[in-house]
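FYI, the numbering just counts along the sequence from 1.
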Amino acid sequence: MTLEEMKDWRNNGNIHPDDLDRVAACWTHSLATGHPYDDVHRYRRYDGEFRWFRSYGRPWRDGEGRVIRWYVLLTDIDESQKAKERLEEQEKELRQMLDLTPQLVSVNGGPNQERLYANRGLLEYLGTTLEEWRQRSAGSDAHPDDVKRLSAYIA
């Protein structure tokens, strides 16, 4: 793609304005280096609505390794992207509620009961940050006399 074609591509309005600079930088880098790209951005549909797409671009090379064409696959991920955004908003609302509750709340999960979340009340009580709390070992915040009894609940 020539510089003039790139300018036309940037100005055609098919890529969402908030994504345009990032998409152009990604595409320009791939053209210059011949490296594949994988990006998520919004494309304008025929009716003017922007929808989320995952764009995979891979070069096709000749026998001497020169890029002779690009193959691009666009996958419409609009529904999953919007569901992800709704889930993130719900998680944010839940964390806000848990931070305001007058209880000490923690969430552990996975096979090793990894520390995932602690509300503001618990972190203030312990005098730590979420990241510091996550690095602590299980039972490190409990009284030594209670560790054995609490371990039975975790197992």
Side-chain angles (χ1 to χ4, degrees), residues 6 9-10 13-45 47-61 65 67 69-155:
M6 177 65 79
W9 173 75
R10 286 186 55 124
N14 288 331
I15 295 176
H16 194 281
D18 293 346
D19 302 336
L20 188 56
D21 288 339
R22 183 180 41 75
V23 170
C26 178
W27 179 233
T28 302
H29 173 76
S30 289
L31 285 177
T33 63
H35 292 149
Y37 66 88
D38 180 358
D39 192 36
V40 173
H41 50 271
R42 292 162 285 186
Y43 277 107
R44 184 187 310 270
R45 196 167 63 178
D47 60 1
E49 178 187 352
F50 282 101
R51 292 183 60 86
W52 286 99
F53 281 82
R54 168 158 267 131
S55 177
Y56 296 101
R58 301 290 181 262
W60 180 265
R61 299 177 186 276
V67 175
R69 69 176 48 104
W70 283 85
Y71 289 96
V72 179
L73 173 65
L74 297 174
T75 305
D76 187 330
I77 60 166
D78 196 70
E79 294 302 319
S80 63
Q81 187 73 16
K82 288 178 179 173
K84 178 182 170 188
E85 290 169 0
R86 285 190 302 273
L87 181 60
E88 288 170 354
E89 184 61 32
Q90 290 171 347
E91 286 178 1
K92 180 181 174 184
E93 290 173 8
L94 176 60
R95 287 174 194 256
Q96 289 173 341
M97 287 189 312
L98 291 174
D99 280 343
L100 295 173
T101 189
Q103 304 293 320
L104 305 180
V105 178
S106 69
V107 177
N108 297 18
N112 298 325
Q113 291 298 310
E114 296 146 13
R115 293 177 171 204
L116 303 175
Y117 171 78
N119 73 341
R120 183 173 48 202
L122 179 60
L123 296 174
E124 287 175 0
Y125 181 80
L126 296 173
T128 189
T129 66
L130 181 60
E131 285 308 311
E132 290 170 346
W133 176 77
R134 284 181 174 159
Q135 299 304 314
R136 293 181 182 180
S137 62
S140 63
D141 302 318
H143 189 280
D145 294 344
D146 297 329
V147 171
K148 186 175 180 181
R149 182 176 50 84
L150 292 173
S151 296
Y153 290 110
I154 294 174

Query raised in the report: Sequence neighbours excluded, which residues qualify as side chain to side chain contact (heavy atoms under 4.5 Å, CB included) partners of Asp78?
Result: Arg51, Trp52, Asp76, Lys82
Query raised in the report: Is there side-chain contact between Tyr56 and Val72, with at least one heavy-atom pair below 4.5 Å?
Result: no
Query raised in the report: What distance separates Arg42 CZ from Asn14 CG, expressed to the nearest 0.5 Å?
Result: 14.0 Å
Report task. Could I get the full list of salt bridge (charged side-chain N to carboxylate O under 4.0 Å, His left out) partners for Arg58, not counting sequence neighbours? Result -> none
**Report entry** Distance-minimising heavy-atom pair for Phe50 and Pro17
**Finding:** CZ-CD, 4.2 Å
Report summary line: Heavy-atom nearest pair, Trp70 first then Pro36, reads CZ3-CA, 4.3 Å
Requested in this report: Work out which heavy atom in His41 is nearest to a heavy atom in Ser55; give both atom names and the distance.
Outcome: CE1-CB, 3.5 Å
Which atom pairs, donor and acceptor, lie under 3.5 Å between side-chain atoms of residues 90-105 and protein residues at least two apart or in another chain?
from  : atom 1 : to     : atom 2 : distance (Å)
Asp99 : OD1    : Tyr117 : OH     : 3.0
Asp99 : OD1    : Arg120 : N      : 2.7

Report task. Could you tell me whether the side chain of Arg54 and the main chain of Ile77 form a donor-acceptor pair under 3.5 Å? Result -> no
Requested in this report: Check the pair Arg22, Asp39 against side-chain contact (heavy atoms from CB on, under 4.5 Å), reporting the backbone distance first and the verdict last.
Outcome: CA-CA 9 Å; Arg22 183 180 41 75; Asp39 192 36; 2.6 Å; yes
Query raised in the report: Sub-3.5 Å donor-acceptor pair from the side chain of Ser137 to the main-chain atoms of Ser140, do we have one?
Result: no
Report summary line: Distance col, row Arg134:CZ vs Thr128:OG1, nearest 0.5 angstrom, shows 11.5 Å
Query raised in the report: Which pair of non-hydrogen atoms, one from Leu130 and one from Ala118, has the smallest distance, and what is that distance?
Result: CD1-N, 3.6 Å
Query raised in the report: What's the verdict on salt bridge (Lys or Arg N to Asp or Glu O under 4.0 Å) for Glu89 and Arg86, showing C-alpha distance, side-chain angles and the deciding distance?
Result: CA-CA 5 Å; Glu89 184 61 32; Arg86 285 190 302 273; over 6 Å; no
**Report entry** Ring geometry between Trp27 and Tyr37 (parallel below 30°, tilted from 30 to 60°, perpendicular above 60°)
**Finding:** perpendicular
Requested in this report: Would you mind reporting whether His16 and Val23 have side-chain heavy atoms less than 4.5 Å apart?
Outcome: no
Query raised in the report: Using 30° and 60° as the class limits, which term best fits the ring planes of His29 and His35: parallel, tilted or perpendicular?
Result: tilted
